[in-house]
Amino acid sequence: MLKLFKNFKTKEYFAMLLCVAFVVLEVWLDLKIPDYMSKITMLVQTPGSAMKDILINGGKMLLCAGGSLLGAVVVGYFAAYISASFSKITREKLFKKVEDFSLDEMKKFKASSLITRTTNDITNVEMFLAIGLQMIIKAPITAVWAILKILNKGKWWSLATGIGVVVLLIIIGILLILVFPKFKKVQKLIDDINELTNEQLKGIRVIRAFNAESYSERKFNRGNTNLTKLQMFNQKTMGILNPGIYLVMHGVSLSIYIIGAYLINSANMLDKLTIFSNMVVFSAYAMQVISSFLMLAFIFIFYPRAGVSATRINEVLEVKPSIKDGKIDTHNDIKGVVEFKNVSFKYPDSEEYILENVSFKIDKGKTIAFIGSTGSGKSTLINLVPRFYDATKGEILIDGINVKDYSLKTLHEKIGYVPQKAIIFNDTIENNINYGDSGKKITKENILNAAKIAEADEFISKMEKGYKSHIASGGTNVSGGQKQRISIARALAKTPEILIFDDSFSALDYKTDYKLRKGLKEKMQGITTMIVAQRIGTIKDADLIVVLDNGKCVGKGTHKELLKKCKVYKEIAYSQLSKEELENA
């Protein structure tokens, strides 16, 4: 957990120092109260004592109590500030870390688990700091100071107090052994609940279409029941702690008075008053010792869960991203030239190559298309260009420079990317199109032109608020084709050097597909276009078509050249279009 504090700034450390200072003041004032209580006891028992002296000592007791209360308020304020700052800093650092993850790192953590770590786990640590920070500092100071105060006050009283502390530690130790491993399972089950909830919400249409509501409820209830049972076990087990603590606390207090009564009874008249006064003071200090261990017990209640959460947070923060940022942050005079040189790729945990020895070059303003059967490596190849993954072997050059040498910001400024699955954010249509930092200002004119080329302007204009219309997260209030067109408009609006379409026309009808490609060719001249597609009609006009089969390049050329010399391309073509259509294409 201490690793997480290295992100603190000077003001947080200063707040911690103030917190420690006020805790010391608070403990000192608390431990002064029994001294004044002892003086009052002596004054009450001594004949001829003046009421003024009793009231003065009583007033000092009240001042100490008031000062202690004020100190506790200040400590609480600083503890709340430190815990809230920790939560803010850690959540921000965790979010930024996940943003730097490549697709490979994302596979190591489920989205549901990352959400839990960013919310629930950080909250657990924050709660521990808010409550524990006060007690962690106060408990040992109080215990040591109180023990020093009662040294040589009575060996039998000290023995009774020592036995009480040992019993308390045994109770805490047993409970920790039983509960600590369970807290790890609790956080894992919370991950599972998040995953189940996310799955049910995303798949609500399929669930309803197949009358699977009961099945979904049973599946969720199993996970919910497992989590509830485990939490009930933890709470019931930890529930033993409170009565155990108070039993020890009152048992020690009773033991001190029983021992004190025995000592007073066997002492002479001159010593009885001294023993009684010592017993009152010792009892007060002994309660301070037990209270300090009581505070430690509360820390032990919160620590297991907070410790597990801190470990889970560190697991994410300690991951070293495999995609290293390059140093080149300037643009070349050469624009939009993409070249693959003997590129091979395999996933880090795989032995087989997804792509093998792929080479091609496409010049500025040209269109290159990739086609092949499912699993042939088309999308993987496209994902290597913006460095969602890095090539295992070979080089990928953009404008004559290896993509690994570019800073990621500069590289992504060059590229307009349209994913296979359209991603729509919870915002207006205008903000969905004018999204991110493209290195230059995107004007309203850019947005309008991009929407027109993407064939999105027609349906956007019909909406009540036009481009200010709100789109729900995931685009649930628009059709699949409309989502895809908004996603395409987003890439076009930034007027990039390179456009990448990862099977981005699949939800479009043939007419819209044709009009969109025509618009791209006429109005986006000078931009290099890379297209992954399944339809022959989408790619037949490309300047270069690369045919992939099982990760290998089995053909390169134009549509007509490939029909003559590439068997795989010919099979795909004849499976979609008739001989006459192909000949007239």
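Residue numbers start at 1 and run along the sequence shown. Computed from a predicted structure; not experimentally measured.
- Side-chain atoms of N432 come within 3.5 Å of backbone N or O of F425 as a donor-acceptor pair.
- Distance alone, capped at 3.5 Å, is enough to place a donor-acceptor pair between the S469 side chain and the G466 backbone.
- Ring planes of F340 and F360: parallel class, angle under 30° (limits at 30 and 60°).
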Kindly determine whether F505 and I531 satisfy side-chain contact (heavy atoms from CB on, under 4.5 Å), including the steps that lead there. CA-CA 9 Å; F505 305 112; I531 301 173; 4.1 Å; yes

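- One N or O on the side chain of N221 and one on the backbone of E217 form a donor-acceptor pair closer than 3.5 Å.
- D363 and T528 get closest at one heavy-atom pair: O-OG1, 3.5 Å.
- Salt bridge K188/D192: present, at least one basic N to carboxylate O contact under 4.0 Å.
- The existence of a salt bridge linking K335 and E497 is confirmed by a sub-4.0 Å separation between a basic side-chain nitrogen and an acidic carboxylate oxygen.
- For I423 against P419, the heavy-atom pair with the smallest separation is CG1-CG, 4.3 Å.
- Ionic pairing of R312 and D191 is present here: one or more N-O contacts between side-chain nitrogen and carboxylate oxygen are shorter than 4.0 angstrom.
- Under a cut-off of 6.0 angstrom, the local environment of CE in M127 is sparse, with at most 12 non-hydrogen atoms contributed by other residues, nucleotides or ligands.
- Counting heavy atoms from C-beta outward, T428 and K465 have side chains that stay 4.5 Å or more apart.
- Side-chain contact between K444 and L448 is absent, with no heavy-atom pair separated by less than 4.5 Å.
- Looking only at atom types and distance, the side chain of D325 has no donor-acceptor partner in the side chain of S407 under 3.5 Å away.
- Checking side-chain atoms of K97 against main-chain N and O of V319 turns up a donor-acceptor pair under 3.5 Å.
- The minimum heavy-atom distance linking R117 with L94 is given by the pair O-CD2, 3.7 Å.
- Of all non-hydrogen atoms in T119 and I115, the two that sit nearest each other are OG1-O, 2.6 Å.
- In terms of modelled atom types and a separation under 3.5 Å, the side chain of N477 and the main chain of H470 share a donor-acceptor contact.
- Other residues, nucleotides and ligands contribute only 12 or fewer heavy atoms inside 6.0 Å of the CG atom of N550.
- For the pair K393/Y353, a side-chain contact is recorded, criterion being any heavy-atom separation below 4.5 Å from C-beta on.
- Enclosure of atom CD in E571 by more than 12 non-hydrogen atoms of other residues, nucleotides or ligands within 6.0 angstrom is indicated.
- The line from NZ of K364 to CD of Q525 is 11.5 Å long, rounded to the nearest 0.5 Å.
- V186 is listed as a side-chain neighbour of I190, based on a closest heavy-atom distance under 4.5 Å.
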Walk me through it: do N357 and S344 pass the test side-chain hydrogen bond (donor to acceptor under 3.5 Å, both in side chains)? CA-CA 5 Å; N357 202 31; S344 296; 5.4 Å; no

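- With S504 contributing its side chain and D502 its backbone, the two residues share a donor-acceptor pair below 3.5 Å.
- Using a 4.5 Å heavy-atom cutoff, the side chains of L520 and F501 are in contact.
- In this structure the side chain of K346 never reaches within 4.5 angstrom of the side chain of E352, judged on heavy atoms.
- Applying the 6.0 Å contact sphere to NZ of K552 captures no more than 12 heavy atoms from other residues, nucleotides or ligands.
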Using side-chain contact (heavy atoms from CB on, under 4.5 Å), reason through I433 and Y467 one step at a time and then give a plain yes or no. CA-CA 9 Å; I433 296 174; Y467 284 82; 4.3 Å; yes

Should I486 and I424 be marked as a side-chain contact (heavy atoms from CB on, under 4.5 Å) after you check the CA-CA gap, both sets of side-chain angles, and the distance that decides it? CA-CA 8 Å; I486 292 171; I424 301 297; 3.9 Å; yes

Using side-chain hydrogen bond (donor to acceptor under 3.5 Å, both in side chains), reason through Y569 and D549 one step at a time and then give a plain yes or no. CA-CA 10 Å; Y569 185 80; D549 188 37; over 6 Å; no

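- Between D390 and K404 the shortest side-chain heavy-atom distance falls below 4.5 Å.
- Ion pairing of D541 with K521 is absent here, as no side-chain N (NZ or NE/NH1/NH2) approaches a carboxylate O to less than 4.0 Å.
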Decide side-chain hydrogen bond (donor to acceptor under 3.5 Å, both in side chains) for T443 and N446; before the verdict, give the C-alpha distance in whole Å, the side-chain angles of both, and the deciding distance to 0.1 Å. CA-CA 5 Å; T443 64; N446 290 135; 2.9 Å; yes

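- For K421, the NZ atom is loosely surrounded, since the number of other residues' heavy atoms within 6.0 Å does not exceed 12.
- Taken to the nearest 0.5 Å, the CD1 atom of I442 stands 12.0 Å off from the OH atom of Y435.
- Judged by distance alone, with hydrogens and angles left aside, the side-chain atoms of T367 form no donor-acceptor pair with the main-chain N or O of D543 at under 3.5 Å.
- To the nearest 0.5 angstrom, S216 atom OG is 11.0 Å from N211 atom CG.
- For the atom pair CG (N120) and CD1 (I193), the distance works out to 12.0 Å, reported to the nearest 0.5 Å.
- The ring of H412 has its center no closer than 6.0 angstrom to the ring center of Y406.
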Would N449 and K523 count as a side-chain contact (heavy atoms from CB on, under 4.5 Å) if you check the C-alpha gap in whole Å, the side-chain angles of each, and the deciding distance to 0.1 Å? CA-CA 9 Å; N449 288 337; K523 299 176 183 178; over 6 Å; no

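- Taking a cutoff of 4.0 Å between a charged side-chain nitrogen and a carboxylate oxygen, E430 and K468 qualify as a salt bridge.
- When the shell of 6.0 Å around NZ of K324 is examined, it contains more than 12 heavy atoms from other residues, nucleotides or ligands.
- Between the side chain of D513 and the backbone N or O of Y510 there is no donor-acceptor pair closer than 3.5 Å.
- A distance of 5.0 Å separates CG of N402 from CD of E395, quoted to the nearest 0.5 Å.
- Across all their heavy atoms, L544 and G557 have their closest contact at CD1-N, 3.5 Å.
- Here the side chain of D405 pairs no donor or acceptor atom with the backbone of G326 at under 3.5 angstrom.
- Atom CD of E99 is surrounded by more than 12 heavy atoms from other residues, nucleotides or ligands within 6.0 Å.
- Rounded to the nearest 0.5 Å, atoms CD (E126) and OG (S83) are 5.0 Å apart.
- Side-chain N or O atoms of S309 include none that pairs as donor or acceptor with a backbone N or O of V125 at under 3.5 Å.
- Other residues, nucleotides and ligands contribute only 12 or fewer heavy atoms inside 6.0 Å of the CD atom of E458.
- The shortest non-hydrogen separation linking A489 to A450 is O-CB, 3.4 Å.
- Within the 4.5 Å cutoff, the side chain of I122 has heavy atoms near those of the I313 side chain.
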